[in-house]
Amino acid sequence: MPADEQGPDDRSAIEAELEPGEAATEHLAVRNLGAAEATFRLGAADGYYTENGRFTTLPAGTESTAAGAWIDLPEDVRVAAGETVVIPFEITIPEQATPGDHAAGVFASVASTGDADGSTIGVESRVGFRVLVRVDGKLAPALTIDEAAADYTAQWNPFRPGALSTQYTVTNTGNVALALSDEIDGRTGGDRGDLLPGESRAVSIDPTPTWPLFMVGDTLTVHGSAPGDEPLATSAETRVSTWAIPWPQLLVIAGAALVIAALIGGRRRSSARLERAIEQAREEGRQEGADAVGRS
């Protein structure tokens, strides 16, 4: 856990702002919660955010090429049961480091063995925290939206709207770590976690009730913000649309049209039969009149 020279402090992560070529000393505290003395391996590695927004570091055996390589600390530390040891470590920024935010993780790990299907395997358990380094220089927050798409799911009850769902991929194309949020046509979507420079994340927005109007869509806006003494913000916007054919409503209209057509056709047939009956009665009346004249 982050610490100062006296012991653990109240920070959840270490944040440092340094110039290229500059170095700073920080501290971590390792606490042994076990019942016996233990040796913990110490390490640092490049950090990144997973698709679900969880911060993690490169796995063991993968070489760090960015902020993880800027941290120098002892290889291990031995800690008595129930004790806490504070270890200083150095952060040194290369002269050629690019301005902006860089992330690493510092961790203590302990190795153990376990059995799996009759085989003995080694297990490394890590506990650590984030180290976020901002290299001084021009900061340029920026976002791009890629692969934005919408899907429409019809509701077969013609008197209820269907559902419009939206998916997109957002990329941090600037040099500042950004906290993401989005909105659809002015309606707040939700917080989407943090994104480091160069990272991308696929996001699915919960479906919204939408009436099928042949072509439906929403304006998608993704916001990114970086807190600090001078907060930074940026946003990206795009339009997503898809076909939404109102089949249930069209079927209702078609059914109503058939009923109306049947009623109109029935009325016309009834009118035609009535006209034929009237004409037949007239004809019979004329015939009877002619026969009466002949008899007289």
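Within a 6.0 Å sphere centred on CD of Glu51, other residues, nucleotides and ligands contribute more than 12 heavy atoms. Heavy atoms from other residues, nucleotides or ligands lying under 6.0 Å from CZ of Arg239 number more than 12. Around atom CH2 of Trp247, no more than 12 heavy atoms belonging to other residues, nucleotides or ligands sit under 6.0 Å away. Counting non-hydrogen atoms of neighbouring residues, nucleotides and ligands closer than 6.0 angstrom, the CZ atom of Arg54 reaches no more than 12 such neighbours.
For the pair Tyr152 (side chain) and Thr242 (backbone), a donor-acceptor distance under 3.5 Å is absent. Counting only distance, with no hydrogens or angles, the side chain of Arg11 and the backbone of Ala3 share a donor-acceptor pair below 3.5 Å. For the pair Ser64 (side chain) and Asp46 (backbone), a donor-acceptor distance under 3.5 Å is present. Not one N or O on the side chain of Asn172 forms a donor-acceptor pair closer than 3.5 Å with the backbone of Asn175. For Asp76 (side chain) and Thr39 (main-chain N/O), no donor-acceptor pair under 3.5 Å exists by modelled atom type. The main-chain N or O of Asp185 is never found under 3.5 Å from a side-chain atom of Asp218 such that the two would form a donor-acceptor pair. Asp182 places a side-chain N or O within 3.5 Å of a backbone atom of Gly190 that can act as its donor or acceptor partner. Asp101 places no side-chain N or O within donor-acceptor distance of the main-chain N or O of Leu132, the cut-off being under 3.5 Å.
Linking Ile, Leu, Val, Met, Phe, Trp and Tyr whenever their side-chain heavy atoms come within less than 4.5 Å puts Val203 and Leu180 in one cluster. Linking ILVMFWY side-chain heavy atoms closer than 4.5 Å, directly or via other members, places Ile184 and Val170 in a single hydrophobic cluster. The same ILVMFWY cluster, assembled from side-chain heavy atoms under 4.5 Å apart, contains both Val85 and Ile14. Side-chain heavy atoms closer than 4.5 Å link hydrophobic residues (I, L, V, M, F, W, Y) into clusters, and following such links, possibly through other members, connects Ile87 to Val110. Hydrophobic clustering keeps Tyr48 apart from Val135 (ILVMFWY residues linked when any side-chain heavy atoms are closer than 4.5 Å, directly or through intermediates).
Inter-residue side-chain proximity for Pro246 and Phe214 is flagged as met; some heavy-atom pair is nearer than 4.5 Å. The side-chain heavy atoms of Glu147 and Tyr168, taken from C-beta on, include no pair separated by under 4.5 Å.
For Tyr49, the ring pair (Phe, Tyr, Trp, His ring centres under 6.0 Å) partners at least two apart in sequence or on another chain are Phe55.
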Original post:
So Thr171 and Asp146, side chain to side chain donor-acceptor pair (under 3.5 Å) or not? Walk me through it.
Top reply: CA-CA 8 Å; Thr171 301; Asp146 309 300; 3.2 Å; yes
**OP:** Dump the intermediate steps for side chain to side chain donor-acceptor pair (under 3.5 Å) on Ser204 and Gln167, then the final yes or no.
**Re:** CA-CA 4 Å; Ser204 294; Gln167 307 86 37; 5.2 Å; no
Subject >> From CA spacing to verdict: salt bridge (charged side-chain N to carboxylate O under 4.0 Å, His left out), Glu15, Arg134 >> reply: CA-CA 8 Å; Glu15 298 182 3; Arg134 175 166 291 180; over 6 Å; no
